[in-house]
Amino acid sequence: MGNGIFGNQNPSVKNYLDNLNESQRAAVTHQEGPMIIIAGAGSGKTRVLTYRIAHLMAQGIDPFNILALTFTNKAAREMKNRIATVAGPEASNLWMGTFHSVFARILRAEADKLGFPSSFTIYDTQDAQRLIAAIIKERQLDKEVYKTKQVLNRISSFKNSLITVRAYQNNPELIQADRMAKRPKMGEIYAEYVNRCFKAGAMDFDDLLLRTNELLTRFPAVLYKYQDRFRYILVDEYQDTNHSQYLIVRALADRFQNICVVGDDSQSIYGFRGANIQNILHFQRDYDQAAIFKLEQNYRSTGNIVRAANSIISRNETKLDKEVWTQNAAGGKIKIMRTYTEADEGRFLANSIFDNRMNQQIKYSDFAVLYRTNAQSRAIEDALRKKNIQYKIYGGLSFYQRKEIKDILAYLRLLINPQDEEAFKRVINYPMRGIGATTLDKLFVAANHYQKPVFDLISSLDEIDIKLNAGTRTKITDFVTMIRHFQIVASEKNAFEVAELVVKKTRILADLEKDGTPESVSRVENVQELLNGIKDFIEVQTTKDREASLAVFLEDVALATDFDLEKEDSSPRVSLMTIHLAKGLEFPYVYIVGLEENLFPSAMSMNTRSELEEERRLFYVALTRAEKQAYLSHAQTRYRWGKLIDCEPSRFLEEIDEQYTEHLSPARQPAQGNQFVDKSLFSQTPPDKIRFKKPLRRGPEKKASPPKKPPFVPPRNLTRVSQASGTSDQLLDSNLSVGMAVSHRKFGRGRVLSITGSAANRKAEIEFNTVGVKKLLLQFAKLTIIG
DNA sequence: TGCACCGATGTTTTT
DNA sequence: CATCGGTGCA
């Protein structure tokens with residue numbers, strides 16, 4: 001996305017067509033009928049898409065009749081901005097957004113037809129999980145067998161394949177499959193889950209698509225309306241659409257057939273979430289007479305990167321015929337680095353970024369570190385922090401998923417949609433007001449009995465036959481009164497004022513402030529930030545409708561992950577993110593870390609060929625983010641779930657044609673100022689002669705080879721034992737000896753009784769003054785020597 | 001009813 | 001190691 005250092009074609013309003021190469025221009029100017037654009041990595045896909053929309057408008061197509069669907073809010077926002085620069089302010093009339101946000105909006109408008117309130121809540125994954133967990137518990141099913149996450153995943157895949165509860169019940173194969181998996185109650189749970197969501201006036205992410213399909217199928221007039229409205233439909237990242245999305249697009253495009261899809265089968269990386277790569281592979285079968293355009297020239301990356309990436313992806317069987325090429329200079333070879341531990345990996349990367357920035361006179365924002373799993377970011381953060389390198393993490397748990405934020409949002413949700421059961425459960429006793437589990441149980445039993453939403457029930461508590469003592473009754477009615485009050489205010493004031501009132505009245509802030517831990521201080525700040533965020537939102541919001549504004553805000557929040565309050569003016573930062581999140585982005589310098597078997601490719605994705613191919617595509621995506629230089633690194637040992645494990649280099653490393661790669665010898669990374677011993681010197685493989693053992697057997701099973709002994713690490717002769725370096729924890733264990741007095745963060749002071757084991761297993765028995773004798777793994781124990 | 005502590009459990013990737 | 005849910009005590 002964007003103009004990379006190689007994309008110095010400058011868009012101008014007038015002769016925008018001159019900024020395109022031949023195939024790009026052909027794709028932009030082709031007007032009527034179905035078409036598919038196969039866009040290789042870095043081939044100017046976004047440019048074509050934006051110009052195409054601008055071109056349609058230039059041909060006199062009303063932007064009102066154009067629908068453009070993207071996968072992320074960020075992509076939508078960026079594209080909208082770029083269209084505006086080419087086509088002018090008129091562009092604001094076109095519908096552009098993610099599948100989820102566009103159809104959420106349509107569903108709101110048509111909600112009554114499906115029996116939902118137009119103010120329906122959107123359940124996020126956490127809400128959905130809690131509901132599933134509750135259902136499993138109510139039915140007293142074994143939670144070892146019915147794991148909430150697995151159950152939710154299964155339900156999600158049903159929905160994405162348009163298998164409704166009824167379809168499930170009529171499908172003996174599915175029922176049989178669940179029986180075989182020892183989960184015969186799956187159908188029941190599914191039914192109950194859908195039912196409860198309906199009663200709560202809530203839709204989960206998958207429902208936004210599934211219910212849209214329902215809407216378009218059951219109500220031909222509605223379908224007709226939107227077909228007529230969206231005469232030109234464009235879909236970005238088509239390779240990542242699932243069946244549900246596929247059907248929506250098909251239905252909407254059916255009348256005018258002006259459907260333009262853009263994608264790259266080599267970048268299909270969302271199979272785990274139901275994306276169906278067949279959608280793109282079979283487009284021409286689905287729409288006969290579909291025109292096909294291929295964008296194969298890469299403007300983004302160096303020759304080495306492009307060709308290396310090709311050499312990887314060529315190993316996949318499932319792919320469309322295309323060949324990405326570039327005119328760009330070959331550039332540097334891809335650098336491969338092996339380190340001993342993940343901490344070394346982080347250090348390597350921090351040093352390398354630091355040096356590159358100095359030598360190349362570039363900004364930290366020109367660098368990105370990409371990893372397979374979010375958990376990997378920790379070691380990297382540590383290393384960057386120690387080097388004082390500014391970074392920004394994308395993804396992970398978003399701001400809006402923090403507990404304190406979700407709690408406040410739950411109040412807002414509840415007052416907009418009192419049926420929202422998950423919101424209710426969140427806030428009924430937070431901050432604590434003495435309505436505990438026992439009372440809640442009674443309420444839910446009664447609600448079930450009277451077939452009413454709980455909030456309705458407690459709104460008219462006197463009419464209900466229920467055993468509660470007087471004190472509890474008052475507490476409940478007080479709660480109802482408070483929510484009612486919020487609702488009245490919400491109809492008169494804007495979202496910010498309401499939120500402010502909620503925070504004040506519920507005394508959430510006071511509750512957080514009172515325990516004064518550093519943790520709660522940051523929570524208070526978060527709440528403050530939320531209020532600021534709502535204020536910003538109000539100012540941008542064009543809608544005059546007050547009530548709508550709060551609902552729209554909640555919707556944005558539910559569907560936004562990259563909503564993150566980007567600080568424009570802050571200093572340039574290194575970007576840290578998962579590869580999935582990096583799709584569509586580009587950076588001059590890219591570091592891909594953790595290239596190890598069972599991590600990347602993930603151990604969960606090595607069972608079938610197609611899973612492995614998806615991992616390979618993921619690697620392809622990662623590599624093609626780089627414009628100028630790519631680094632690949634892998635560690636020989638890594639902590640996973642708290643244990644140190646040996647890691648083998650990823651098979652992907654040997655899949656790259658070696659003429660494009662170069663191995664950095666760890667020995668060349670001098671240990672700076674004797675800060676740490678270069679442990680790789682003592683590993684089994686000589687550093688200058690790196691060989692990759694091909695795993696003999698593939699699969700997630702445990703390694704057959706006996707665990708390698710930790711390599712011998714000679715006693716380090718450390719003349720200076722300053723804590724100045726970032727490696728004091730490493731120094732510690734070799735310095736620790738029997739009889740020393742130490743101090744522990746939690747246990748206080750104590751004396752070392754004995755030390756056993758070596759390397760990762762090194763343990764100390766310590767007698768603490770307060771808590772007695774403890775055995776601690778030195779890896780984790782944060783001990784300070786005090787004498 | 002509330003709180004503190006314990007143990008189990010978990011890591012793919014996201015709208 | 002972090003988070004969560006459960007349990008047992010005040």
Side-chain angles (χ1 to χ4, degrees), chain A residues 69-76 97-104 122-126 128-130 133 137 143-144 147-150 153 156 159-160 203-209 237 240-242 244-245 268-275 370-379 394-398 401 403 429-440 469 471-472 475 515 555-563 577-583 594 598-606 611 614-615 617-619 621-622 638-645 700 746 777 779-782:
Chain A
L69 296 168
T70 62
F71 259 77
T72 63
N73 300 299
K74 192 171 174 194
T98 65
F99 273 92
H100 295 268
S101 67
V102 166
F103 295 116
I122 297 172
Y123 274 179
D124 69 10
T125 312
Q126 200 186 22
Q129 268 182 32
R130 288 178 174 216
K137 199 168 178 185
K143 63 177 183 177
E144 293 306 308
K147 304 224 176 194
T148 46
K149 266 188 193 161
Q150 285 174 18
N153 274 337
S156 171
K159 288 184 177 176
N160 286 328
M203 297 199 198
D204 66 18
F205 289 139
D206 304 315
D207 285 333
L208 295 177
L209 306 173
E237 311 280 16
D240 288 328
T241 50
N242 62 32
S244 198
Q245 291 164 321
S268 164
I269 55 175
Y270 283 103
F272 70 92
R273 160 178 129 186
L370 308 181
Y371 34 82
R372 179 67 235 272
T373 67
N374 281 307
Q376 286 168 260
S377 71
R378 183 171 302 258
Y394 292 82
L397 50 152
S398 99
Q401 295 182 30
K403 186 185 176 309
N429 200 28
Y430 177 82
M432 269 172 309
R433 48 176 75 88
I435 305 175
T438 322
T439 311
L440 267 186
N469 56 43
T472 313
K475 287 170 191 162
D515 63 3
E555 179 177 306
D556 274 11
V557 163
L559 297 176
T561 44
D562 61 359
F563 198 100
M577 64 185 93
T578 63
I579 299 166
H580 283 86
L581 233 49
K583 195 176 67 165
N598 293 325
L599 180 58
F600 192 17
S602 158
M604 329 289 281
S605 308
M606 301 201 300
E611 281 177 343
E614 178 152 316
E615 292 285 306
R617 290 193 294 268
L618 194 54
F619 183 45
V621 168
R638 180 179 297 276
Y639 283 101
R640 270 182 107 177
W641 40 87
K643 275 204 299 245
L644 189 71
I645 56 155
K746 250 203 197 121
L777 263 187
Q779 300 279 357
F780 303 124
K782 288 181 179 124

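Protein chains get the first letters and strands the later ones, always in sequence-line order, with residue 1 at the start of each. The figures that follow rest on heavy atoms only: side chains count, while hydrogens, waters and symmetry mates do not. Predicted, not measured: the structure shown is a model, and the values here were computed from it.
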A.B. asks: Provide, to the nearest angstrom, the distance between the CG atom belonging to A/Leu440 and the C1' atom belonging to B/dG2.
C.D. replies: 14 Å
A.B. asks: Report the distance from atom NE2 of A/His100 to atom P of B/dT15, rounded to the nearest whole Å.
C.D. replies: 9 Å
A.B. asks: So what does A/Lys403 hit on the nucleic acid, given a heavy-atom distance under 4.0 Å: a base, only sugar-phosphate, or nothing?
C.D. replies: nothing
A.B. asks: Please report the distance, rounded to the nearest Å, between CG in A/Asp206 and C1' in B/dT15.
C.D. replies: 9 Å
A.B. asks: A/Glu615 side chain to A/Glu611 main-chain N or O, any donor-acceptor pair under 3.5 Å?
C.D. replies: no
A.B. asks: Just say parallel, tilted or perpendicular for the rings of A/Phe205 and A/His100, cut-offs at 30° and 60°.
C.D. replies: perpendicular
A.B. asks: OG1/A/Thr125 to CD/A/Gln401 distance, rounded to the nearest 0.5 angstrom?
C.D. replies: 7.0 Å
A.B. asks: What is the distance from CD of A/Glu614 to C1' of B/dT14, rounded to the nearest Å?
C.D. replies: 12 Å
A.B. asks: Could you state the CG-P distance from A/Asn160 to B/dT14, rounded to the nearest angstrom?
C.D. replies: 16 Å
A.B. asks: What nucleotide among C/dA2, B/dT1, B/dT15 has an atom nearest to a side-chain atom of A/Thr439?
C.D. replies: B/dT1
A.B. asks: If you assign A/Lys475 and A/Thr578 each to the DNA chain B nucleotide with the nearest heavy atom, which residue ends up on the more 5' nucleotide?
C.D. replies: A/Lys475
A.B. asks: Give the rounded distance in Å between these two atoms: CG of A/Leu69 and P of B/dT15.
C.D. replies: 16 Å
A.B. asks: Which part of the nucleic acid, if any, lies within contact of A/Tyr270, taking any heavy atom under 4.0 Å across all strands shown: a base, the sugar-phosphate backbone alone, or nothing?
C.D. replies: sugar-phosphate
A.B. asks: Taking all non-hydrogen atoms of both residues, which atom of A/Tyr371 and which atom of A/Ser377 are closest, and how far apart?
C.D. replies: OH-CB, 3.5 Å
A.B. asks: How many whole angstroms separate atom CD of A/Gln401 from atom P of C/dT3?
C.D. replies: 14 Å
A.B. asks: Using a heavy-atom cut-off of 4.0 Å across all strands, would you classify A/Asp240 as base, sugar-phosphate, or nothing?
C.D. replies: nothing
A.B. asks: Can you give me the closest heavy-atom contact between A/Asp206 and A/Ser156, atom names plus distance?
C.D. replies: OD2-OG, 2.9 Å
A.B. asks: Distances under 3.5 Å only, N/O to N/O: pair up the protein atoms with those of nucleotides 5-12 of chain B.
C.D. replies:
residue: B/dG10; atom: OP1; partner: A/Lys147; partner atom: NZ; Å: 2.6
residue: B/dT11; atom: OP1; partner: A/Lys149; partner atom: NZ; Å: 2.5
residue: B/dT11; atom: OP2; partner: A/Lys149; partner atom: NZ; Å: 3.2
residue: B/dT12; atom: O2; partner: A/Arg372; partner atom: NH1; Å: 2.7
residue: B/dT12; atom: O2; partner: A/Arg372; partner atom: NH2; Å: 2.3
residue: B/dT12; atom: N3; partner: A/Ser605; partner atom: OG; Å: 3.4

A.B. asks: Need one value for A/Thr438: base, sugar-phosphate or nothing, where a base atom within 4.0 Å counts as base even if backbone is also close, heavy atoms only.
C.D. replies: sugar-phosphate
A.B. asks: Rounded to whole angstrom units, what separation is found between the CZ atom of A/Phe600 and the C1' atom of B/dT13?
C.D. replies: 10 Å
A.B. asks: Does a salt bridge link A/Arg273 with A/Asp240, judged by any charged N lying under 4.0 Å from a carboxylate O?
C.D. replies: no
A.B. asks: Can you check whether A/His580 and A/Tyr394 have ring centres sitting under 6.0 Å from each other?
C.D. replies: no
A.B. asks: Please work out if A/Phe71 contacts a base, only the sugar-phosphate, or nothing of the nucleic acid, heavy-atom cut-off 4.0 Å.
C.D. replies: sugar-phosphate
